[in-house]
Amino acid sequence: MGNWFDSVRGLWSKAARRCSQYFLETPGKRWASAALLVFSIVLLTSSFIYWTDVRAITGTFFFKTSTSSSRTPPNKPPVKVEYPLKCINEALTLTCPANYPVNYESKASTWAVACPEYFRWIREDLRPWRDTGITRQMVERGNKYGDLRLVIVKGKAYVKMYRKAFQTRDVFTVWGILQLLRLYPGKVPDLELLFACGDRPVIKKRDYHATYAPPVFHYCVDDESLDIPFPDWSFWGWGEINIRPWGTMLWGLREANKRIRWKDRKPYAFWKGNPSTSGRRADLMKCNVSGEQDWNARVYAQDWQKETEQGFKQSHLEDQCTHRYKIFIEGVAWSVSDKYILGCDSMTLLVKPKYFDFFTRSLVAKQHYWPISPSNLCRDIKSAVEWGNNNTNKAQAIGEAASKFIQEDLKMEFVYDYTYHLLREYAKLMRFTPTIPPGAVEVCSETMACPQNGPWRQFMMESMVMSPKDTLPCTMPSSSSSSP
Ligand SMILES: *[C@@H]1O[C@H](CO)[C@@H](O)[C@H](O)[C@H]1NC(C)=O
Ligand SMILES: *[C@@H]1O[C@H](CO)[C@@H](O)[C@H](O)[C@H]1NC(C)=O
């Protein structure tokens, strides 16, 4: 790459030297030199603007080369592009287009599909504020927990940062909300909310009388906390470890499942990851096959440092659907890996989790996964694999049920609908008028994507919503049926 670039540059400068010599040594033609200069500037500028636009629309100008064709989904049917990304100057797009669409009349019929069952958790998660509503005092009390405050006023989004989150979690979380605004312009209500981007839940039940707790959005929750689960950043991409947006990954998983059929997969339980994030994972390493013991587990520790240097090129998650059984085990808290493991068609051996994200609470033991007790880890894995190999049809059916859940109920469309309904239900509880706080900046796809490069830019282009949705959001399960 470097050599190629240098030689092209060499050729250009040689040609440029010849040209300028010719014109400068011919005094009568000095005017031509000036004209040529002006002409080149015009040409360069217009081609730059052209390419910027083309890249914005296709999202593939620089990135085609970096992803091999086998990992690129087949050409989608041409999508209507109503929102081209307009980067005026890559690094300096700091203002949002003035004519940003904030309203859109859906031309489609009023027909809508029913939301998946896990949407009922939206009301459960907001239950602590059901009777009191959410007051400004409650939100302000959450300031010390939130990494950022997101404000939506008249369809525009504003962010006030309190502290920088790990890697680009905050960036891609906000990006996701911006895409929701593009998908349903004019439908997302005005609101003000706090978001915590760490691993563990932050609002402990024991610290607050439930009804006065600050409402804080976060990626997961456990029995002892009141955080409001929201889809994590990886649905829009995790640039640092090369995990592409969920829409692309779903396609990759479907392809992977076609490549190796269940019965042709290795009849063992597979796990690969960073073992140093929790004691449980360290315990799992002890279940690995060794000279004297075979617990039917094949576990691999990822060399995080080495992989980071190589851009995680050896760790494509869709290439890990090679075993009949896959182990899911939590890290520091919940792990974004759950959806990639469950989507593999393999039977998931789920080590009993403590933390839940927005969809995992609706998974059913022995229907979507096989439960494993953390206190009996190696033995449980061994007998689960044995059971599966004795009952291949049943084990395969459990694997397929999980994949079906992932492919159908967790497709990007429903991820957006979940965030849409969650934000709406939250806004309904608000007892104050959202205002743009001092120090907040307006954010839009332009201010976020234009200055990005590398995988971050690629993933934003890949996950960008190109036009408003023509159909209505799915309809929530009615509250009467979900009340206990
Ligand atoms: C587990 O065993 C396999 C096969 O012997 C080996 O390749 C792998 O590195 C082991 N994993 C760990 C974490 O030691
Ligand atoms: C699997 O089948 C073998 C042989 O029939 C039997 O010994 C073993 O107990 C079975 N294991 C389980 C977990 O069903």
Side-chain angles (χ1 to χ4, degrees), residues 199 240-243 256 259-338 340-342 344-354 363-402:
D199 282 321
E240 287 79 3
I241 68 166
N242 200 25
I243 294 183
R259 273 201 297 277
I260 315 179
R261 301 269 163 201
W262 195 88
K263 291 210 165 83
D264 301 328
R265 296 183 183 187
K266 295 186 187 105
Y268 299 105
F270 174 89
W271 185 84
K272 182 177 178 184
N274 182 356
S276 62
T277 51
S278 69
R280 281 185 183 186
R281 286 188 172 182
D283 288 343
L284 178 64
M285 296 302 107
K286 296 177 199 145
C287 306
N288 201 14
V289 60
S290 67
E292 60 267 25
Q293 263 292 6
D294 192 350
W295 299 108
N296 293 336
R298 302 290 181 267
V299 302
Y300 301 88
Q302 210 159 30
D303 187 338
W304 207 257
Q305 190 57 40
K306 197 172 128 212
E307 297 253 22
T308 303
E309 282 156 18
Q310 298 171 354
F312 282 79
K313 294 227 163 48
Q314 306 310 315
S315 299
H316 286 292
L317 292 162
E318 63 272 35
D319 291 346
Q320 296 178 13
C321 301
T322 48
H323 291 64
R324 289 182 183 177
Y325 313 95
K326 291 199 69 170
I327 300 165
F328 173 80
I329 189 160
E330 291 178 328
V332 176
W334 102 111
S335 165
V336 306
S337 63
D338 51 17
Y340 313 103
I341 290 174
L342 288 159
C344 251
D345 268 3
S346 308
M347 182 171 90
T348 299
L349 309 187
L350 190 90
V351 182
K352 191 178 188 305
K354 173 167 162 39
L363 296 170
V364 180
K366 301 204 176 168
Q367 182 187 328
H368 298 115
Y369 66 88
W370 193 270
I372 300 288
S373 157
S375 57
N376 203 24
L377 197 58
C378 301
R379 276 173 215 286
D380 268 13
I381 291 172
K382 186 178 171 69
S383 72
V385 170
E386 245 179 56
W387 177 86
N389 289 336
N390 283 357
N391 303 275
T392 49
N393 288 340
K394 285 181 188 162
Q396 190 176 353
I398 294 175
E400 280 169 6

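Just so it is clear, the structure is predicted and the values come from calculations on it, not from any experiment. Whatever order the structure lists them in is the order used to number ligands and atoms, beginning at 1. Reckoned from all heavy atoms, side chains included, excluding hydrogens, waters and symmetry mates.
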Subject >> Lys/Arg N to Asp/Glu carboxylate O, Arg280 vs Asp283, below 4.0 Å >> reply: no

Original post:
Does the Lys326 side chain pair with the main chain of Tyr340, one donor and one acceptor, at a distance under 3.5 Å?
Top reply: no

Original post:
How are the rings of Trp262 and Tyr325 set to each other: parallel, tilted or perpendicular (split at 30° and 60°)?
Top reply: perpendicular

For ligand 1, output the ligand-protein N/O contacts shorter than 3.5 angstrom; if there are none, return none.
from     : atom 1 : to     : atom 2 : distance (Å)
ligand 1 : 2 (O)  : Asn288 : OD1    : 3.3
ligand 1 : 2 (O)  : Asn288 : ND2    : 2.5
ligand 1 : 11 (N) : Asn288 : ND2    : 2.7
ligand 1 : 11 (N) : Val299 : O      : 2.8

Original post:
So, is Trp387 polar-close to ligand 2, with some N/O to N/O distance under 3.5 Å?
Top reply: no

For residues 327-337, which side-chain donor-acceptor pairs fall under 3.5 Å, sequence neighbours excluded?
from   : atom 1 : to     : atom 2 : distance (Å)
Glu330 : OE1    : Lys354 : N      : 3.0
Glu330 : OE2    : Lys354 : N      : 3.0
Glu330 : OE2    : Tyr355 : N      : 2.8
Ser335 : OG     : Ser337 : N      : 3.1
Ser335 : OG     : Ser337 : OG     : 2.7

Original post:
Is the backbone of Pro267 close enough, under 3.5 Å, to the side chain of Asn389 for a donor and an acceptor to pair up by distance?
Top reply: yes

**OP:** Please report the closest heavy-atom contact between Ala401 and Gln367, naming both atoms and the distance.
**Re:** CB-O, 3.3 Å

**OP:** Spell out, as yes or no, whether a donor-acceptor pair under 3.5 Å connects the side chain of Arg324 to the backbone of Met347.
**Re:** no

Original post:
Has ligand 2 got any nitrogen or oxygen that is less than 3.5 angstrom from a nitrogen or oxygen of Ser383?
Top reply: no

Subject >> Atoms of ligand 2 close to Asn390 [distance to a heavy atom under 4.0 angstrom, numbered from 1] >> reply: 1 (C), 2 (O), 3 (C), 8 (C), 10 (C), 11 (N), 12 (C), 14 (O)

